[in-house]
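Input: a single structure, listed below in structure tokens.
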Protein chains: 2
Amino acid sequence: MDAGDGLRMAAERPNSRATMKDVARVAGVGVGTVSRVVNGKSNVSEESVAAVNAAIERLGFRRNDGARMLRTGATASIGLLVEDVADPFFSLLNRSVEEEVLRRDSVLLTASSDKDPERARKMILTFCARRVDGLVITLPEGGDEEYLRAELDAGTSMVFVDRPPRVLDVDAVIVDNRGGARTGVAHLIGYGHRRIACFTDRPDLYTASERISGYRDALEEAGIPFDPELVYSSATTREPVDEPLGRMLASDDPPTAVFAGNNRTSINVISALRIHKTSLAIVGFDDFELADVVVPGITVVAQDPKAMGRIAMGMLYKRLDGNVSPSQTIRLPTRLIVRGSGELSRDAVLAAR
Amino acid sequence: MDAGDGLRMAAERPNSRATMKDVARVAGVGVGTVSRVVNGKSNVSEESVAAVNAAIERLGFRRNDGARMLRTGATASIGLLVEDVADPFFSLLNRSVEEEVLRRDSVLLTASSDKDPERARKMILTFCARRVDGLVITLPEGGDEEYLRAELDAGTSMVFVDRPPRVLDVDAVIVDNRGGARTGVAHLIGYGHRRIACFTDRPDLYTASERISGYRDALEEAGIPFDPELVYSSATTREPVDEPLGRMLASDDPPTAVFAGNNRTSINVISALRIHKTSLAIVGFDDFELADVVVPGITVVAQDPKAMGRIAMGMLYKRLDGNVSPSQTIRLPTRLIVRGSGELSRDAVLAAR
DNA sequence: ACAGTGCGTGGAAACGTTTCCACGCGGCCG
DNA sequence: CGGCCGCGTGGAAACGTTTCCACGCACTGT
């Protein structure tokens, strides 16, 4: 078998890539030697290395990682499931997970659940069928968690992000939603407000219900009675809120401030206020680009999606490296960013009426 | 070999998943039959189907797609490389590509080049080593395109997005940057403006240079002389622009309008105008959330990243299905969204001075 | 009765790697 | 001078699928 033979052989299968066998033939060595060269093993003679590299160059050989994984069992890939990769929060999370994955020379599979438990399930099982080394999951509400147990038992590591597991014994990294909301609302109370409206997502969402709890915590701490009339949970975050806000403003004892439970709702509230030509103090949960471009800048309780991704990947890789300590849930602190909208005092709001 | 035997066998390798062989043993059939059942082939007796399904259930078997692909050659996976998955534009593109990938029951590998040609190269080659069926690529400027040719020749289909190929013969879908910029600037001219500043990205970026060309086209059409003093290309999009804007405003013949070449620059311009306590007419390229929340709302030349992803995937799958027609570049139209900032007339701006 | 047909089936080969084992060969030490 | 070591090497087995081939069996039509 000489070099010409090998070349001809590769040419005979036009749309198929050269394999180690082809390379071996062209280089005049065995496949074992090719494998050793490709993987940079030391015990190969210089001539062999040169011959193999020349053949690789000539044939445009590229190792088939799929085959490699079948043999070695490690796929060097991580699956990420979030609600929506186009959401500002999750896209930052995505990016920071990617950064960690890259550091380990792995590859990242991504998918959006779109809040659909069935879609989430399908994607996760697909990832498992691909035998990813680990999973980073934001599990949508309302689905069954149980099917994950089988994958867990089969040895697939996973970390939950943004939401804690309900029954599964897995690591998680979440945001201190309750504490953050409490801080934000307390900030408003500090400026004299006692009638504070609360606009959030559907309350069956974990994050939304936690933030509502934090809102109530702050009220309670200040001895302010909770008024359900001041709480509005929209079905979707795209839904405008000018109608419910208008109702509150028209009441006997209208709010002088608003706590918005997520960034899209913050925007909806701003639009609604503009429609009603009023200004109230606002604190929003979750920072957003341009929060400092509107006037006044929007004071927010900021989360740190990048840290969430980084920490989640740290936990995951520890598991992959064999850590078997009991699972833990890490609660990330939030940060209040003061920009003006939250520092409008009760007196100033009332004076403008 | 009875069922108990198979179970014991699976249990003996605790952290390893059951294989078709295990299933076959437990079900008392051959691996061929298991494969047929798993793949829903028709010519299997009902008893066999039942037995196999029972065994699958019992062992928690899940087909190893990696092995399957090695055999079949199709990996049912697509690689996506963009500049940054956390960028609003690219994250929407990402999502729409994901949607198409999902429809074909494939899986999506994603990566951010971070504008680094070397990083891009590494990720693309990694994807190729994984033998993705196809690639969707936003290639960073300044790198060599040549290494892609080998992959192309080896049979990996690819589509370029957001930027056309320089030398390679591949499909692409891009935005009509030049025409869109022309339209936006013409819109300003329509409101009487003749001194229009232009803030963009680094001009060595394809999109930025195209938009500058469009800006010049509009001026030329209206017989307005081009003044390089009114053009500022920032090194990075995070860089504030209050200093260069200040210089322009202090000149003998200051601008009365601004064309901002991308959404982050639009924001920078808004901030800078606020610092200088002036208002000019503004038209920005690329829409952004909240463009309608600031006052006045920002008039923009909108792109459609979702369409870009959808169309790119359509082209890619056509290639995968065997289409060998000459490669083409599709240029997506832009859409002017009128919100107020672009309709501030020259007279109004001058009157406020 | 007998070839032909079709269906359900089991098993082996193949996909492209990695890994392990064994071999040949030179040099070193006893 | 003979055994031993170690190095570079080739080749076979294995990873978990799919696919193909061949077999046995029950029909069918002549």
Side-chain angles (χ1 to χ4, degrees), chain A residues 1 6 9-10 13 15-52 55-56 59-76 128-131 133 154-155, chain B residues 1 6 9-10 13 15-52 55-56 59-76 128-131 133 154-155:
Chain A
M1 302 281 171
M9 173 173 187
R13 300 164 307 157
N15 240 2
S16 172
R17 289 177 176 261
T19 72
M20 283 196 174
K21 220 155 145 187
D22 299 327
V23 173
R25 211 174 320 239
V26 172
V29 300
V31 288
T33 302
V34 175
S35 175
R36 283 183 283 261
V37 171
V38 168
N39 294 302
K41 297 280 173 65
S42 50
N43 48 343
V44 188
S45 72
E46 286 186 28
E47 304 97 67
S48 292
V49 171
V52 168
I56 286 177
L59 297 177
F61 168 79
R62 188 101 50 211
R63 181 178 65 196
N64 183 332
D65 280 347
R68 155 172 241 248
M69 286 154 199
L70 177 58
R71 183 59 231 255
T72 61
T75 61
C128 288
R130 295 310 230 252
R131 297 293 189 269
D133 295 330
Chain B
M1 303 280 172
M9 172 171 187
R13 300 161 307 157
N15 240 3
S16 173
R17 287 174 177 263
T19 71
M20 283 196 174
K21 219 154 145 188
D22 298 328
V23 173
R25 211 175 319 241
V26 171
V29 301
V31 287
T33 302
V34 175
S35 175
R36 282 182 283 261
V37 171
V38 168
N39 294 302
K41 297 280 173 67
S42 50
N43 47 344
V44 188
S45 73
E46 285 187 30
E47 303 97 66
S48 293
V49 171
V52 168
I56 286 176
L59 297 176
F61 167 81
R62 187 100 50 210
R63 181 179 65 196
N64 182 332
D65 280 348
R68 155 174 242 249
M69 286 153 201
L70 177 58
R71 183 60 233 252
T72 62
T75 61
C128 288
R130 293 316 228 249
R131 296 292 189 271
D133 295 330

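Note: hydrogens, waters and symmetry copies are ignored here, and every other heavy atom, side chains too, is used.
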> With a non-hydrogen cut-off below 4.0 angstrom, is A/Asp65 in contact with a base, only sugar-phosphate, or nothing?
Replying inline: nothing
> Between A/Arg68, A/Arg62, A/Arg63, which is the residue that forms a side chain to side chain donor-acceptor pair (under 3.5 Å) with A/Asp65?
Replying inline: A/Arg63
Find the distance [X]:[atom1] to [N]:[atom2] and express it as a whole number of Å.
| X | N | atom1 | atom2 | result |
| --- | --- | --- | --- | --- |
| B/Asp22 | D/dT17 | CG | C1' | 13 Å |
| B/Arg130 | C/dG16 | CZ | C1' | 15 Å |
| B/Met69 | C/dC15 | CE | C1' | 13 Å |
| B/Met20 | D/dT17 | CE | P | 5 Å |
| B/Leu70 | C/dT18 | CG | P | 12 Å |

> If the sugar-phosphate is the primed atoms plus P, OP1 and OP2 and the base is the rest, what is the B/S/- string for nucleotides 5-10 of chain D, using protein heavy atoms under 4.0 Å?
Replying inline: ---SBB
> Say you draw a straight line from CG of B/Asp22 to CZ of B/Arg17; how long is it, rounded to the nearest 0.5 Å?
Replying inline: 12.5 Å
>> Would you compute the distance between atom CG of B/Leu59 and atom CZ of B/Arg25 and round it to the nearest 0.5 angstrom?
In response: 10.5 Å
> Are B/Thr19 and B/Asn64 close enough, and set up right, to give a side chain to side chain contact (heavy atoms under 4.5 Å, CB included), and what steps lead you there?
Replying inline: CA-CA 8 Å; B/Thr19 71; B/Asn64 182 332; over 6 Å; no
At under 4.0 Å, does any side-chain N or O of [X] touch on OP1 or OP2 of [N]?
| X | N | answer |
| --- | --- | --- |
| B/Arg68 | D/dT18 | yes |
| A/Asn39 | C/dT18 | yes |
| A/Lys41 | C/dT19 | yes |
| B/Lys21 | D/dT17 | no |

>> Could you report the tightest heavy-atom contact between B/Val49 and B/Val37, atom names first, then the distance?
In response: CA-CG2, 4.0 Å
>> Taking donor-acceptor contacts at under 3.5 Å, does the side chain of A/Arg71 reach the base of C/dT18?
In response: yes
>> With side chain to side chain contact (heavy atoms under 4.5 Å, CB included) as the criterion, how do A/Arg130 and B/Met69 come out once you've worked through the C-alpha distance, each side chain's angles and the decisive distance to 0.1 Å?
In response: CA-CA 10 Å; A/Arg130 295 310 230 252; B/Met69 286 153 201; 3.2 Å; yes
Taking distance alone, no hydrogens or angles, what donor-acceptor pairs closer than 3.5 Å link side-chain atoms of residues 26-36 of chain A to residues at least two apart or in another chain?
residue, atom, partner, partner atom, Å
A/Thr33, OG1, A/Arg36, NH2, 3.4
A/Ser35, OG, A/Asn39, ND2, 3.4

> Of all the choices, D/dT19, C/dT18, D/dT17, which nucleotide is nearest to the side chain of A/Ser35 once you look at every atom?
Replying inline: C/dT18
> Considering only side-chain heavy atoms of B/Thr72, which listed nucleotide, D/dT18, C/dT17, D/dG16, is closest?
Replying inline: D/dT18
